[in-house]
Amino acid sequence: MLPQLESRISSAVSQHILIRYGVEIPVTLEQPRQASFGEFAIPAAFQLARQLKKAPRAIAEELVAELPAIAGVKTLEVAGGGYINLRLDRGALAFAAVSPGQSAGAAGDGKVIVEHTNINPNKAAHIGHLRNAILGDTFVRMLRASGQRVEVQNYIDNTGVQVADVVVGFHYLDGKKPEDVRALISAEKFDFYCWDLYAKISQHYKDNPDSLQWRRDTLHAIEAGQGELAELGRLVADAIVECHMNTMWRLGIQYDVLPRESEILHLKFWASAFEQLKERKAIYLETEGKNAGCWVMPGSAFDENREDQDSKVIVRSNGTVTYVGKDIAYQMWKFGLLGKDFYYQPFRTYADGHPVFVSTATAEGAAPVSFGGGRKVFNVIDSRQSYLQDVVVAGLKALNYHEQAANSIHFSYEMVAMSPRACVELGIELSAEDQARPYVEVSGRKGLGVKADDLIDKLIDSALAEVASRNEDKTADEQFDAASAIAIGALRYFMLKFTRNTVIAFDFQEALSFTGETGPYVQYGAVRAGKILQKAGALPDFAQVLTPAVCAALLEDEALWQHLLAVSRTGQTLNSALAAGEPAQMARFAFQLAQQYSSFYRDYPVIQETGAEKRAFLLWLTAQYRAQLEQTLGMLGITVPAFM
RNA sequence: GGGCGCGUAGCUCAGUUGGAUAGAGCAUCAGCCUUCUAAGCUGAGGGUCGCAGGUUCGAUCCCUGCCGCGCCUACCA
């Protein structure tokens, strides 16, 4: 309810300023530094001071004296150098909150596409991939909570170098046949097996540079789709995709569609894009210099103020297309600009009944579904690829798709690295140079990193020990369910508490913590609130008991008023977190809400309260806290365990 | 060389389009379980917001320069 009130206040004030001073300024509301200053502060007088050449304080006084009454606002006062502090009508606000009303969810026009995860299907997922998937999944949940229609895509590069390398490992190094690999797949943890194999082949390349010819041959065979190497490629990629989907589902992460590189090749997506790019002169055939014979995009296209910027090769001199080229075609498909679509088959159905589809190359047996054609596209990709993302956007611009270029958002984030201490704990030897660094980059090629499933297992073990010691009366299954929820809560919160452009130096001690600013702390608050509601038995009809007069009287207690405000801020926070594209804001809010609840829990013994009206109000607040905590955690992809 | 990002308490990080006394967690120290779960709560110590200029009534935030760190800058993906 606060967002509506807020916009009502801000438009009333800006309208008054327009009439009174003939100046149009956006009036923003701030949360005052101290609660005792009131609910909102308006710094508009400071903005006006410059234009009107008048002291901010004097302007604020004029405004306060002349502003017409605003519904829901009780008093205005001038404070500090020119703030207008504003106090709300407590009883009216509380009654509005108590009465079951319905705020209309603003349905956005058109579909939003969020692409995340995108792990090369050649080895186990690691903590870097977890940050991507958790960030993407959380943003999806936030968008959906705000009423937007969202499609989640997980792009599978099943024909790339990384898959080829593992195939090289199986075929050339280990002399494995497809049936041998099939046997390995049915055994456990195929993705872990490939993790080691990938490190092994990478080292082999390093020691024997000649063997890189194996990679070229294998890549070629995979693209052609024929023969044993291609079969191995399909086996590896398909099996690893299954592993990744399982890992992500442990964290509650689902997808709608898995577009694959193999279909982009077979359905000739690139050919269509290439025609458009040539036709609209977005790229040209270079005739001289080091890029002679290549189709390139001029550097000026993606970096306006740098004429001398190197051009970017899109098609190599041997006629093959680069990754960026394919990415331009793929991005065009996401906006429905390619004039083509994949065919789809069901891939799996999640336990909650939600289906996910995978792209296929033929119409035969295809499911009657279609994807892509979004209005806005968020690509969750780490910041190291920002240069390539710029080139993709430049491609859209050069094709005159300016609106789509503007709606292509690189949802970038910094990498997850390893703290030197974490490396030591894993028994990884570091060079003296690396030891001196604040963090060490995770490297699949070196096999240096923490596997996602290992970390989740470790978290569950550690949570289970805690749960079991506190809840001996519960069954093993119940304990395990609670421990899982807590482990996932800890992991997801840990990945979300940092803002996107902060490098996370992964540290076991911090990631495995269940106290302080963590997911379990927030879950604990929700569990305690749930327990009180459970003990209280049947709840009264709040709207009946808590009349405006009763609310107003109870809310003379300043602390209770602050608690009411605390449970009223979810929508406002969601809007701001979405606008900033920063899930960390939502995570932080969850923590602050839980902190507020802790002090409510300490100060107000709900069950013991004997006054009927007060008891009803405390119960209502408890229910609000529980609901808001649950809802906010839900946006973070964190569930509330039955007990802790 | 160029581009992007970062530098805030011992450590890890927030800091809401420039605003009131710069915040939180961890760690340290001192307290709180016969009272709805102590995965909790209360309190204390701890800061030249990298450095130097500039713009402004006002700068952690904007501009310039410098220092330090990271990433990117492939006919790899």
Side-chain angles (χ1 to χ4, degrees), chain A residues 26 28 30-34 37 41 43 46 49-50 55-57 79-83 85 120 157 159-164 215 219 261 290-296 303 306 308-310 312-318 320-324 326-327 382-388 390 412 414-415 417 419 437-439 441 463 466-467 470-471 486 490 497-499 501-505 507 509-510 513-518 520-521 523-525 527-529 531-536 573 576-577 579-580 582 584-585 588 591-592 595 598-599 601-609 622 643-644:
Chain A
T28 53
E30 295 176 357
Q31 220 179 104
R33 168 144 226 92
Q34 288 178 34
F37 290 165
F46 294 109
R50 192 157 310 171
R57 176 104 197 171
Y83 276 99
N85 288 343
N120 274 302
D157 183 6
T159 59
V161 169
Q162 295 215 19
V163 170
R215 171 194 277 174
L219 211 43
E261 169 93 351
K290 60 173 183 167
N291 293 333
C294 299
W295 287 87
V296 303
D303 197 343
R306 294 201 57 77
D308 57 332
Q309 181 84 25
D310 275 356
K312 181 72 195 166
V313 172
I314 305 297
V315 180
R316 303 183 188 100
S317 53
N318 67 4
T320 58
V321 59
T322 60
Y323 172 78
V324 197
K326 283 182 276 195
D327 227 26
D382 79 73
S383 64
R384 286 174 292 193
Q385 301 203 42
S386 61
Y387 170 67
L388 296 175
D390 287 348
S412 73
E414 276 289 347
M415 62 178 169
S419 69
R437 293 171 192 270
Y439 48 80
E441 196 171 346
E466 287 287 323
V467 168
R470 291 155 198 254
N471 300 277
I486 292 162
K497 70 195 280 195
F498 302 93
T499 51
N501 58 7
T502 297
V503 177
I504 300 180
D507 184 89
Q509 194 178 312
E510 285 178 38
S513 170
F514 298 146
T515 60
E517 194 196 342
T518 64
Y521 174 89
Q523 291 171 312
Y524 188 61
V527 166
R528 284 165 133 189
K531 194 67 175 287
I532 290 175
L533 293 171
Q534 206 181 314
K535 284 198 174 182
T573 306
S576 130
E582 200 60 270
Q585 285 185 14
R588 180 157 289 270
F591 175 64
Q592 286 167 345
Q595 275 185 319
S598 281
S599 69
Y601 183 89
R602 177 195 68 222
D603 295 336
Y604 298 92
V606 180
I607 304 289
Q608 284 95 317
E609 178 58 47
T622 302
F643 56 90
M644 283 181 81

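Note on naming: letters A, B, ... go to the chains in the order of the sequence lines (proteins, then strands), and numbering restarts at 1 for each one. All values reported here derive from a predicted model rather than from experimental measurement.
Put simply, CD on E582(A) and CG on N501(A) are 7.0 Å apart, with the number rounded to the nearest 0.5 Å. The OG1 atom of T515(A) sits 12.0 Å away from atom OH of Y524(A), with the distance rounded to the nearest 0.5 Å. For the atom pair CD (E510(A)) and OG1 (T518(A)), the distance works out to 12.0 Å, reported to the nearest 0.5 Å. How far CZ of R588(A) is from CD of E517(A): 5.0 Å, rounded to the nearest 0.5 Å.
Pair assignment for C61(B): none, as no Watson-Crick or G-U wobble contacts are both less than 3.5 Å. Pair check for C13(B) finds G23(B); Watson-Crick or G-U wobble, both atom distances under 3.5 Å. Under the Watson-Crick and G-U wobble criteria, each requiring two contacts below 3.5 Å, nucleotide C66(B) is paired to G50(B). The partner of C71(B) is G3(B), judged by Watson-Crick or G-U wobble contacts that both fall below 3.5 Å. Nucleotide U35(B) forms a pair with no other nucleotide shown, judged by Watson-Crick or G-U wobble geometry with both contacts under 3.5 Å.
Counting heavy atoms from C-beta on, the side chains of K312(A) and L388(A) come closer than 4.5 Å. Using a 4.5 Å cut-off on side-chain heavy atoms (C-beta onward), F643(A) and K531(A) make no contact. Residues I504(A) and E414(A) have side chains not in contact (no heavy-atom distance under 4.5 Å, counting atoms from C-beta outward). At least one side-chain heavy atom of R215(A) sits less than 4.5 Å from a side-chain heavy atom of V161(A).
Within the 4.0 angstrom heavy-atom criterion, no nucleotide atom of any strand lies near I504(A). Note on P605(A): a base of the nucleic acid sits closer than 4.0 angstrom, heavy atoms only. Using a 4.0 Å heavy-atom cutoff across all strands shown, N85(A) reaches at least one base atom of the nucleic acid. Residue contacts for S598(A): at a heavy-atom cut-off of 4.0 Å it reaches the sugar-phosphate backbone alone, with no base atom in range. As judged by a 4.0 angstrom heavy-atom cut-off over every strand, Y439(A) is placed among residues touching the sugar-phosphate backbone only. Across all strands, V467(A) comes closer than 4.0 Å to base atoms (heavy-atom distances). Backbone-only engagement by V503(A) is indicated by non-hydrogen atom pairs under 4.0 Å involving sugar-phosphate atoms exclusively. Residue V527(A) is in base contact, counting any heavy-atom pair closer than 4.0 Å across all strands shown. Y521(A) comes within 4.0 angstrom of the backbone, heavy atoms only, and of no base. Here A584(A) lies out of heavy-atom contact (under 4.0 Å) with every strand.
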Shorter than 3.5 Å, N or O on both sides, protein versus nucleotides 24-31 of chain B: list them out with atom names.
{"unit_1": "G25(B)", "atom_1": "O2'", "unit_2": "E517(A)", "atom_2": "N", "d": "3.4"}

Could you write out each protein N or O paired with an N or O of nucleotides 74-77 of chain B at a distance under 3.5 Å?
{"unit_1": "C75(B)", "atom_1": "O3'", "unit_2": "R316(A)", "atom_2": "NE", "d": "3.1"}
{"unit_1": "C75(B)", "atom_1": "O2", "unit_2": "S317(A)", "atom_2": "N", "d": "3.1"}
{"unit_1": "C75(B)", "atom_1": "O2", "unit_2": "S317(A)", "atom_2": "OG", "d": "3.1"}
{"unit_1": "C75(B)", "atom_1": "N3", "unit_2": "S317(A)", "atom_2": "OG", "d": "2.7"}
{"unit_1": "C75(B)", "atom_1": "N4", "unit_2": "K290(A)", "atom_2": "O", "d": "3.0"}
{"unit_1": "C76(B)", "atom_1": "OP2", "unit_2": "R316(A)", "atom_2": "NE", "d": "2.0"}
{"unit_1": "C76(B)", "atom_1": "OP2", "unit_2": "R316(A)", "atom_2": "NH2", "d": "3.3"}
{"unit_1": "C76(B)", "atom_1": "O3'", "unit_2": "R316(A)", "atom_2": "NH2", "d": "3.2"}
{"unit_1": "A77(B)", "atom_1": "OP1", "unit_2": "R316(A)", "atom_2": "NH2", "d": "2.2"}
{"unit_1": "A77(B)", "atom_1": "OP2", "unit_2": "R316(A)", "atom_2": "NH2", "d": "2.9"}
{"unit_1": "A77(B)", "atom_1": "OP2", "unit_2": "Y323(A)", "atom_2": "N", "d": "3.4"}
{"unit_1": "A77(B)", "atom_1": "O3'", "unit_2": "D157(A)", "atom_2": "OD2", "d": "2.6"}
{"unit_1": "A77(B)", "atom_1": "O2'", "unit_2": "D157(A)", "atom_2": "OD2", "d": "2.9"}

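Distance from the side chain of T502(A) is smallest to A14(B) among G5(B), G40(B), A14(B). Of the candidates U35(B), U37(B), G70(B), the closest approach to any side-chain atom of M415(A) belongs to G70(B). Of the candidate nucleotides C41(B), G40(B), G15(B), C41(B) has the atom lying nearest to any side-chain atom of R602(A). Picking from C6(B), A20(B), A39(B) the nucleotide with the shortest atom distance to the side chain of A79(A) gives A20(B). In this structure, the nucleotide among G5(B), U37(B), A39(B) sitting nearest to the side chain of E466(A) is A39(B).
For the C1' atoms, the distance linking U17(B) with U21(B) amounts to 24 Å, nearest Å. The gap from the C1' atom of U60(B) to that of G18(B) amounts to 10 Å, rounded to the nearest Å. With both ends at atom P, the span from A38(B) to G46(B) equals 32 Å, rounded to whole Å. The separation of C26(B) from C62(B), taken at their C1' atoms, amounts to 33 Å, rounded to a whole angstrom. Comparing G5(B) with U48(B), their P atoms sit 27 Å apart, to the nearest whole Å. With both ends at atom P, the span from G45(B) to A30(B) equals 15 Å, rounded to whole Å. Only the C1' atoms considered, G15(B) is 14 Å distant from G47(B), to the nearest whole Å. A14(B) and U8(B): their C1' atoms are spaced 10 Å apart (whole Å).
Close to A39(B), at under 4.0 Å from its OP1 or OP2, lies a side-chain N or O of R470(A). Between R528(A) and A38(B), a side-chain N or O to OP1/OP2 separation shorter than 4.0 Å is present.
Inspection of the T622(A) and Y604(A) side chains reveals no N or O donor paired with an N or O acceptor under 3.5 Å. Remark: the S383(A) side chain and the S386(A) side chain contain no N/O donor-acceptor pair separated by less than 3.5 Å.
A salt bridge links E441(A) with R384(A): the distance from a Lys NZ or Arg NE/NH1/NH2 to an Asp or Glu carboxylate oxygen falls below 4.0 Å.
Summarising the geometry, the separation between CE on M644(A) and P on A38(B) is reported as 12 Å, rounded to the nearest angstrom. Rounded to whole angstrom, the span from the CD1 atom of I532(A) across to the C1' atom of U37(B) amounts to 10 Å. As a whole-Å value, the separation of D507(A) CG from C13(B) C1' is 13 Å. When the C1' atom of A39(B) is taken as reference, atom CZ of F514(A) falls 9 Å away, rounded to whole Å. Across the protein-nucleic acid pair, Y604(A) atom OH and C41(B) atom C1' stand 15 Å apart, rounded to whole Å. Distance, D603(A) CG to G40(B) C1': 13 Å, rounded to whole Å. Atoms NZ (K531(A)) and C1' (A39(B)) sit 14 Å apart, rounded to a whole Å. If you measure from atom CZ of F498(A) to atom C1' of C11(B), you get 12 Å, rounded to the nearest angstrom.
With hydrogens and angles ignored, the 3.5 Å screen pairs no side-chain donor or acceptor of S317(A) with any backbone N or O of C294(A).
C67(B) takes the anti form, because its glycosidic angle lies more than 90° either side of 0.
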With sugar-phosphate taken as primed atoms, P, OP1 and OP2 and all else as base, the protein-contact string of nucleotides 55-61 of chain B at under 4.0 Å (heavy atoms; B, S, -) is -SBB---

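Taking for each of F37(A) and E441(A) the nucleotide of RNA chain B with the nearest heavy atom, the 5'-most of the two is the partner of F37(A).
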